Each structure stands twice: as C-alpha cells, then as structure tokens.
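As the structure is a computational prediction, the values presented were derived from the model and not from experiment. Just the heavy atoms: all of them, side chains too, but no hydrogens, waters or symmetry mates, feed the values below.
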Amino acid sequence: MRKGIYLRIALIAFTVILAIIFFLPNTPLFSYMPDWWKKNLPHKGIVLGLDLRGGSHLIFEVDLKRAREITVERIGMHLQSLLEKKGLKPSIKVQGEKIFIQPVNEDVKKIIKENYADLSISEHGGNIICELPESAFKRVETTSVEQAIEVIRNRIDQLGVAEPAIHKQGENEIVVQLPGVKDPKKALEIIGKTAQLEFKLLDEETTLWKQLPSLIKAGEEDTFLNQWKSKLPESDEIVFQKIVNKETGEVYKRPYIVKKDVLLTGDLLAEAHVSIDQRFNEPYVSLRFNDAGAKIFEDITAKYVKRRLAIILDGNLYSAPVIQEKIEGGNAQISGSFTLEEAKDLAIVLRAGALPAPVKLIQNVTVGPTLGKDSIEAGKMAVIIASIFVSLFMIIYYRLSGVIADFALILNIILLIGALAALNATLTLPGIAGIALAVGMAVDSNVLMFERIREELRLGKTPKAAIETGYKKAFWTIFDSHVTTLITAAVLFHFGSGPIKGFAVTLSLGVAINLFTALIGTKTVFDFIYIGKERKSLSI
C-alpha cells in the first residue's frame with residue numbers, strides 16, 4: 001500500500017517540476033537562470049494573444065468571382081496549347097465563365113472530352129461552348145480560400161511575425177491576427193499582393209506603338225486607358241511600367257502594348273531571391289522555374305528570338321528584355337530600379353506563391369498595448385481574488401480537508417499554466433476566464449468527494465473506510481461531468497475562432513488536469529495521512 005502511495009507522490013512531484021520548468025520563462029526568475037539552462041531547457045513560455053499583447057487584426061475577402069474566371073482562363077490557355085500540339089489551330093476566346101471555340105470541329109470536341117471530363121460541351125452560333133458545372137466551381141471557391149490562407153501564412157512567416165493567427169471566417173473571409181505588430185502597413189503591402197506573375201510578348205508590330213506617349217503622370221492610367229481602349233486590336237492590351245525620377249522623386253508611368261495571351265505564369269516558379277547587378281550595383285530578383293516551367297520558358301525563348309518579353313506582376317510591367325537566344329535552365333530576372341527593401345519584398349511574395357485570386361482588405365483594427373496590459377492585470381487579479389476566497393471558504397468549511405483541497409487547487413493552477421506553456425498555446429482574455437472557470441471546477445470536484453465522505457462518516461464508518469467509499473462513489477459523477485464539459489470545449493474549439501478557441505483550449509486543459517488533481521492528487525494526500533494509520537476522526 002505504502003509503495004503505491006510513494007509512487008503516486010513521485011508522479012505528482014515529477015509532473016509539478018515539469019510544469020514549473022515550462023512556466024519558468026514567463027517569470028522574472030528566468031533572467032537569473034544560467035546560460036546552459038536557457039539553451040537546453042524550454043525558453044518560450046506562454047504566448048500572449050492579440051487582445052493581451054496588442055497588434056493588428058486584419059480581415060481579408062477573397063474575390064471568388066475572379067477565382068472562377070481565372071480557372072476558366074487557365075483552362076482556355078491549356079486547351080489552346082493542347083490543340084496546337086495536335087496540329088489544330090482554332091480560335092479560342094474566354095468570356096466570363098465560358099470558353100468559345102471556333103470553328104466547330106469533332107476532333108476538337110474529342111480532345112476536350114479526353115482532357116476535361118468536367119466540361120460540358122454545347123454548340124451555338126458556330127461556336128463550341130465549354131462550361132464548368134457549378135459543383136466544380138464550388139470546389140474552386142473552397143480551394144481558392146484554402147490556398148489564399150496558405151500563401152498568406154507563408155508570406156507572414158517570411159516577414160518574421162511571431163505567433164500569427166490565420167483562419168477562415170464565413171465563406172470567403174480570412175482573419176489575420178499579428179501580435180506585436182503595431183504598424184501593419186508593410187504586412188498589408190506584402191499580404192495583399194496578388195503576385196500574379198505573367199510573361200507576355202510586346203506587340204511592337206502594331207501601328208499604335210509609335211503613337212504612344214513615352215510617359216504619363218502617375219494616377220492618369222484610367223483616363224489614358226479609356227482614350228486608347230477602342231483603338232487597340234482585340235488581341236492586345238496596355239500595361240504600365242513605373243518610372244521614378246531619382247532627382248525629384250516624381251513618379252511616372254510608361255505605357256506598353258502587349259499581347260493578351262499569357263505565355264508563362266509564376267505558379268511554375270521554384271525559387272526567387274535577391275541578387276545585385278554588378279554593372280549598375282542595383283538589386284534585382286533572380287527567378288528559377290521548376291522542370292515544367294523551364295521547358296516552357298526554353299520553348300518560348302526559342303520561338304520568339306529578337307522579340308521583347310514583358311515580365312508583368314499584378315498588372316504592372318517590371319521589365320521587357322529582348323530575347324537574344326534560346327535560354328535553357330529556366331533562369332530569368334526581374335529588374336526595375338528597385339531599392340533593396342523593395343526587391344526583398346518582391347522575392348518574398350514570389351517565393352510564397354501567388355494568391356489564387358485577388359484579396360481585399362475589409363477590416364483593419366490595431367489593438368493597443370495598454371488595453372492588453374490592463375486586461376492581463378485585471379485577469380490576474382480576478383484569478384487571484386477568486387482563488388483566495390475559494391481557499392478561505394474551503395478551510396473554514398472543511399477544515400484540514402479544505403487545506404488538502406487548496407493544495408489540489410494550487411497544483412491545478414501550476415499544471416494548467418505549465419501545460420499552456422508546454423503546448424505553446426496562445427493565452428487570450430477569454431483564456432484567462434477559462435482558467436478562472438477551471439479553478440471553480442477544481443473546487444466543485446473536491447466538494448462532491450468531501451460530501452460523500454461526510455455521508456459515509458455519518459453511517460459510522462472509520463475515516464479509512466469513509467475515504468475509500470467516498471472516492472469510489474464520487475468517481476463516476478466527477479468523471480461524467482468532466483467528460484461532458486470536454487465535449488463542449490471540443491465543439492467550441494472546432495467551430496469557434498480566435499479568442500473562443502483560446503477559451504476552449506484553457507477549459508479543456510483545466511478539465512483534464514482537474515481530473516488528475518482531484519482523483520489522484522487529493523486521494524494521495526488522504527492516503528498518506530490516514531490510510532496507513534488507524535485514526536478515529538477525520539477533520540472534514
């Protein structure tokens with residue numbers, strides 16, 4: 001019997017020491033610990049959430065309509081390439097969410113069915129009309145939001161923001177919480193970039209080329225496009241290159257006429273990093289495509305030697321070098337009078353990948369650090385006051401057994417905070433409320449057991465028998481109540497977001513730890529005091 005008690009004491013001691021080691025980084029004592037301790041033992045501690053630490057709360061909306069259109073455009077591009085390889089050269093136009101192919105050809109229909117089983121094919125006005133079913137578009141919408149979340153997470157990780165929280169909200173919204181970031185301007189610039197990298201040919205053969213002005217003022221692009229839109233061939237469009245006067249700092253835009261057909265996109269990129277041009281000592285972004293992209297790039301440069309290839313990111317032309325010869329290996333570069341910081345930011349968005357559709361910022365809230373500090377202090381005070389009052393009540397009402405219950409309460413708080421630190425969980429203001437609730441549940445479990453023990457003592461049983469029977473009778477009541485609370489916490493965690501999840505995490509940990517402290521912790525103390533000795537009375 002004693003051997004079992006000592007094993008349980010050893011287990012409790014080991015668990016408490018482990019919890020203290022994980023919690024220690026959150027205390028002023030950690031600064032006095034030796035270097036070997038800081039290097040080899042946990043040093044992160046509890047992560048404070050946005051409402052406690054302060055930072056930025058952003059909500060983005062994914063343009064699902066554009067995601068659908070982009071999907072159809074890519075199918076149209078692939079079909080064009082596929083049919084050309086088969087020796088067929090039909091006219092393919094994408095309008096909204098439909099693909100129009102002329103002329104009607106049974107071979108074309110067959111190739112479409114073989115490669116795109118989802119596409120519905122019909123004929124109208126001498127066109128083959130291809131459409132995706134609504135079920136396929138729903139998959140596109142779901143995938144677009146998921147991909148956008150992943151891309152945003154990758155970009156934020158490269159920015160070095162500690163412990164960001166990113167999750168989906170509703171059908172097409174993404175919530176981004178950046179603890180510690182007080183000025184979200186740079187984060188917004190990088191997160192919001194669609195990063196649609198495209199390679200297109202300049203159309204220098206059109207007669208309009210020589211009529212274009214060399215420069216226009218920044219901000220006049222829309223007016224300029226309205227004036228020239230009707231003059232452009234249907235297969236062309238105008239894009240602009242940003243030009244900065246280094247002496248005055250004035251910004252201008254240089255218009256270019258390019259073919260609408262996209263020859264290569266950034267989704268085939270394998271690497272993007274900043275390099276320095278040795279001749280002009282200016283930074284540029286060096287690109288390397290994956291195997292598929294390298295082959296396409298090689299074919300493009302072989303086919304269009306002596307033509308200018310425009311490198312366009314999010315509709316802005318960065319450079320348009322002349323293709324001097326076939327380029328093997330899939331290496332390219334983007335230059336454009338960048339500062340080093342601009343080149344680094346551009347490399348980040350290209351490395352992280354392009355957003356599958358444009359995102360729009362619909363909410364930007366900055367949480368001040370003062371509010372967070374006040375919340376922490378108020379939360380601490382609430383937990384301390386609640387613990388003191390509960391402890392005093394237990395001692396007055398249950399005497400020595402109340403002291404044992406208070407021991408379990410302290411053990412519960414130590415283990416809970418240690419577990420939060422060990423799991424690197426984010427502590428929010430509702431999370432502090434969860435800790436306070438866990439304190440109440442810990443006491444409630446002990447009250448149930450003590451009342452059972454009192455009932456057994458009234459029946460004339462010895463303290464030893466009363467403790468054993470009381471714990472056995474209370475066990476399933478306590479276990480059932482805790483399991484149902486755990487189920488509730490699991491539902492909150494699954495369907496909740498942000499602070500609600502923080503509450504669910506602390507509540508779940510509190511319930512699990514309370515089962516340990518109530519059924520093993522206090523029982524071990526009672527066993528140590530009463531079981532091995534024949535006592536006639538029990539202070540309860």
Seminar exercise, completed: For K344, the side-chain hydrogen bond (donor to acceptor under 3.5 Å, both in side chains) test, sequence neighbours excluded, returns none

For this session: Considering non-hydrogen atoms only, spot the tightest contact between A357 and V62 and give its length.
Result: CB-CG1, 4.1 Å

Exercise. Do H273 and E271 get their side chains close enough for a donor-acceptor pair, meaning under 3.5 Å?
Worked result: yes

For this session: Please determine, by modelled atom types, if Q241 and Y318 share a side-chain donor-acceptor pair under 3.5 angstrom.
Result: no

Problem set entry | Step-by-step side-chain hydrogen bond (donor to acceptor under 3.5 Å, both in side chains) determination, N127 to Q102 | CA-CA 5 Å; N127 290 285; Q102 284 184 328; 3.2 Å; yes

For this session: Would you check if L208 and L232 make a side-chain contact, meaning some heavy-atom pair closer than 4.5 Å?
Result: yes

Exercise. Please walk me through it: do K326 and E328 pass salt bridge (Lys or Arg N to Asp or Glu O under 4.0 Å)?
Worked result: CA-CA 6 Å; K326 181 173 75 171; E328 298 177 354; 3.6 Å; yes

For this session: May I ask you to test the L309-L263 pair for a side-chain heavy-atom distance under 4.5 Å?
Result: yes

For this session: Determine the minimum heavy-atom distance between S508 and L486, stating which atoms define it.
Result: O-CD2, 3.7 Å

For this session: Could you grab the distance from atom CD1 of I174 to atom CD of E146, nearest 0.5 Å is fine?
Result: 10.0 Å

For this session: Before giving the answer on side chain to side chain contact (heavy atoms under 4.5 Å, CB included), spell out for I152 and V176 the whole-Å C-alpha distance, their side-chain angles and the decisive distance to 0.1 Å.
Result: CA-CA 9 Å; I152 289 172; V176 179; 4.0 Å; yes

For this session: Check the pair I70, R74 against side chain to side chain contact (heavy atoms under 4.5 Å, CB included), reporting the backbone distance first and the verdict last.
Result: CA-CA 6 Å; I70 288 171; R74 286 181 175 170; 3.9 Å; yes

Exercise. Do W209 and Y256 have side-chain heavy atoms sitting under 4.5 Å apart?
Worked result: yes

Exercise. Closest heavy-atom contact between V505 and L420?
Worked result: CG1-CD2, 4.1 Å

Exercise. Ion pair present between K110 and E106, side-chain N to carboxylate O less than 4.0 angstrom?
Worked result: no

Problem set entry | Validation row: L82, L88 side chains within 4.5 angstrom (heavy atoms) | no

Exercise. Thinking salt bridges, do K295 and D299 make one under a 4.0 Å N-O criterion?
Worked result: yes

Exercise. Is the ring centre of F199 less than 6.0 Å from the ring centre of Y304?
Worked result: no

Problem set entry | Presence of salt bridge, K93 and E234, under 4.0 angstrom | yes

Problem set entry | Counterpart residues, ring-ring contact (aromatic ring centres under 6.0 Å, His included), relative to F224 (two or more places apart) | W228, F240

Exercise. Any salt bridge (Lys or Arg N to Asp or Glu O under 4.0 Å) pairs touching residues 199-213, not counting sequence neighbours?
Worked result: E198-K200, K200-E237, D203-K259, E204-R308

Problem set entry | Pair D236 + K229, salt bridge at N-O below 4.0 Å | no

For this session: Dump the intermediate steps for side chain to side chain contact (heavy atoms under 4.5 Å, CB included) on L79 and I111, then the final yes or no.
Result: CA-CA 9 Å; L79 279 176; I111 292 169; 5.5 Å; no

For this session: Give the intermediate values and the outcome of side chain to side chain contact (heavy atoms under 4.5 Å, CB included) for residues I129 and I121.
Result: CA-CA 6 Å; I129 303 173; I121 301 172; over 6 Å; no

Problem set entry | Full working for salt bridge (Lys or Arg N to Asp or Glu O under 4.0 Å) between E73 and R66 | CA-CA 10 Å; E73 287 169 8; R66 183 60 188 142; 3.0 Å; yes

Exercise. Would you say the side chain of N290 lies within less than 4.5 Å of the side chain of L269, judging by non-hydrogen atoms?
Worked result: no

